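Remember, it's a predicted structure, so these values are computed and weren't measured experimentally.
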Amino acid sequence: MEYRRLRRNKAIRSYIRETVLTLEDFIYPLFVTEGENKKEEIPSMPGQYRFSMDTLLKEVQELVQLNIQGVLLFGVADKKDAFGTGAYCEENMIARAIKALKKEFPKLYIVADVCLCEYTDHGHCGVLCGTEVDNEKTLPLLAKASVSYAKAGADLIAPSDMMDGRVDYIRKALNEKGYEHIPIMAYSAKYCSAFYGPFREAANSAPQFGDRKSYQMDPANRKEALKETQKDIAEGADIVMVKPAMPYLDILWQVKQMVNVPVCVYQVSGEYAMIKAAEKMGWIDGKKAAMESLIGLKRAGADMIISYFAKDFAKGLLKEE
Ligand code: PBG
């Protein structure tokens with residue numbers, strides 16, 4: 001017996017534990033929809049809902065009471081068009097939600113995801129030229145959305161579209177409008193992943209034709225992730241992100257070793273759905289599996305974790321007795 005000496009009971013195990021998750025590590029994603037008095041459960045994401053503005057305020061009240069510090073907002077738009085106008089028009093739904101939340105909960109840290117796919121009728125993350133996503137035409141629209149969220153009171157702007165040069169473009173637009181103090185968290189190593197499936201059901205944002213392979217990263221590539229991340233930092237990203245989480249722990253680890261800015265990881269909808277589904281089947285202990293995956297993310301270097309499990313964590317449901 002050698003290593004087992006320090007595993008003999010709970011106390012010694014916790015004394016020597018190297019990685020500890022805290023509630024301050026988490027950001028909780030929320031889906032906001034039009035209408036009133038709506039709280040619709042997302043079928044492939046049990047325990048996650050689409051909230052209308054009124055029920056959103058109630059939900060966030062509970063989150064604040066649970067000491068969750070930050071939320072990440074996504075819009076589920078009714079009206080969509082080719083240009084994703086809903087993402088940046090005057091009084092777009094996310095800007096309205098941010099305003100309402102900031103008024104009620106001034107200390108809540110609000111992260112605004114910036115992308116067009118929840119607002120385009122074709123479901124792509126930018127505007128099209130023929131059947132291709134047009135990088136240069138998309139940049140001003142992303143910048144417009146970013147400025148409108150900053151104006152509404154967002155604390156952090158998080159572009160998830162994967163257009164080239166967007167961090168630089170958004171940084172300049174924010175500075176020009178007087179939002180130099182608002183940081184950018186870039187979805188830098190964002191892979192083209194099957195694990196976004198449940199999110200696309202939730203936001204009704206699946207591409208209507210083709211796929212996202214021409215802008216999101218090939219899961220087979222590692223060096224490219226490092227280059228993307230360095231480029232985003234050079235363009236002014238304050239925080240970088242790796243997404244999804246569990247299949248990309250090697251990327252997370254390497255990015256963390258390489259950069260001097262905080263690193264965020266996004267445990268995406270499909271990762272959540274997998275654990276929930278297996279738990280429902282009685283095939284795994286979902287709470288323990290969730291905790292183990294989250295610990296893995298922190299151990300691999302995450303400074304911040306976006307996870308649909310944040311609320312369960314805050315309630316103490318994931319902790320071992
Ligand atoms: C928008 C966006 C997506 C996710 C976050 N922002 C969907 C996508 O890129 O298709 C996915 C998050 C999740 O699966 O939980 N581009």
Side-chain angles (χ1 to χ4, degrees), residues 27-32 70-77 84 86-88 92-94 98 110-120 123-127 133 135 138-139 141-150 154-171 173-174 182-200 202-207 211-217 219 225 228-229 231-233 235-245 248 251-252 255 263-271 304-308:
I27 297 173
Y28 188 50
L30 290 169
F31 296 95
V32 189
V71 295
L72 168 63
L73 298 182
F74 292 104
V76 185
Y88 47 82
N92 65 73
M93 59 190 300
I94 288 302
I98 295 169
I110 301 183
V111 188
D113 181 274
V114 174
C115 194
L116 300 190
C117 66
E118 297 116 80
Y119 307 92
T120 51
H124 281 286
C125 299
V127 288
V133 173
N135 201 86
T138 302
L139 296 179
L141 306 181
L142 297 169
K144 214 172 159 185
S146 304
V147 168
S148 85
Y149 303 153
D155 293 288
L156 178 59
I157 299 296
S160 71
D161 52 281
M162 289 301 276
M163 296 303 113
D164 281 331
R166 88 264 210 226
V167 175
D168 176 57
Y169 207 98
I170 291 171
R171 185 68 271 161
L174 289 172
I182 301 298
I184 296 175
M185 173 163 75
Y187 286 70
S188 299
K190 176 168 174 177
Y191 285 90
C192 189
S193 173
F195 291 98
Y196 306 150
F199 175 97
R200 292 180 190 171
N204 188 20
S205 66
D211 50 44
R212 302 209 202 289
K213 286 187 180 144
S214 75
Y215 42 102
Q216 297 181 346
M217 283 188 47
E228 271 273 9
T229 306
K231 174 89 189 329
D232 283 353
I233 294 171
E235 287 183 28
D238 301 279
I239 302 171
V240 292
M241 194 201 292
V242 175
K243 174 187 173 191
Y248 300 94
I251 309 295
L252 175 59
V255 164
V263 179
C264 180
V265 69
Y266 196 145
Q267 184 187 52
V268 301
S269 56
E271 298 180 72
M304 302 156 73
I305 299 172
I306 301 170
S307 172
Y308 301 97

Please test I94 against Y119 for side chain to side chain contact (heavy atoms under 4.5 Å, CB included), starting from the C-alpha separation and ending with a verdict. CA-CA 11 Å; I94 288 302; Y119 307 92; 3.3 Å; yes
#### Entry: Worked verdict on V71 versus V111 for side chain to side chain contact (heavy atoms under 4.5 Å, CB included)
CA-CA 6 Å; V71 295; V111 188; over 6 Å; no
Is any side-chain heavy atom of N92 closer than 4.5 Å to a side-chain heavy atom of Y149?
-> yes
Within a strict 4.5 Å, meaning less than it, do heavy atoms of the R212 and Y191 side chains meet? no
Would you find a donor on one side and an acceptor on the other, under 3.5 Å apart, between the side chain of S269 and the backbone of R200?
no
Minimal heavy-atom distance between V255 and V242, with the atoms involved, is CG2-CG2, 4.2 Å
With sequence neighbours left out, the residues meeting salt bridge (charged side-chain N to carboxylate O under 4.0 Å, His left out) with D113 are none
Fill in: Any side-chain heavy-atom pair of L156 and I182 under 4.5 Å
no
**Asked** Side chain of E271, backbone of P244: donor and acceptor closer than 3.5 Å?
**Response** no
Note to self: Is the shortest side-chain heavy-atom distance between V240 and C264 below 4.5 Å?
What the structure shows: no
Are the side chain of E235 and the backbone of V167 linked by a donor-acceptor contact shorter than 3.5 Å? yes
- Query: Is NZ or CZ of K144 both nearer than 6.0 Å to the six-membered ring centre of Y88 and within 45° of the ring axis?
  - Reply: no
Item checked: Close side-chain approach of I27 and I305, heavy atoms under 4.5 Å -> no
Exercise for review: Check whether any side-chain heavy atom of V265 sits under 4.5 Å from a side-chain heavy atom of I306, and report yes or no.
Suggested key: no
| Between V76 and V32, is any pair of side-chain heavy atoms under 4.5 Å apart? | no
- Task: Taking the side chain as every heavy atom from C-beta outward, state whether L139 and M163 have any atom pair closer than 4.5 Å.
- Result: yes
Looking at S148 and S146, would you say the former's side chain and the latter's main chain have a donor-acceptor pair under 3.5 Å?
no
Exactly one candidate in K190, Q216, M241 meets side chain to side chain contact (heavy atoms under 4.5 Å, CB included) with S160; the answer is K190
| message | With a 3.5 Å distance limit and no angle check, can you tell me whether Y215 reaches the backbone of C125 through a side-chain donor-acceptor pair? | response | yes
Can you list the steps and then say if D232 with R166 is a side chain to side chain contact (heavy atoms under 4.5 Å, CB included)? CA-CA 9 Å; D232 283 353; R166 88 264 210 226; 3.5 Å; yes
Kindly state whether the ring of F199 and the ring of F74 have centres lying under 6.0 angstrom apart.
yes
In terms of heavy-atom contacts, A87 and L116 come closest through CB-CD2, 3.8 Å
Taken in chain and number order and not counting sequence neighbours, the residues that satisfy salt bridge (charged side-chain N to carboxylate O under 4.0 Å, His left out) with R171 are D238
Closest non-hydrogen contact found for A158 with Y187 is O-CE1, 3.5 Å
query: Given K243 and V268, is the side chain to side chain contact (heavy atoms under 4.5 Å, CB included) satisfied, shown in steps?
result: CA-CA 7 Å; K243 174 187 173 191; V268 301; 3.6 Å; yes
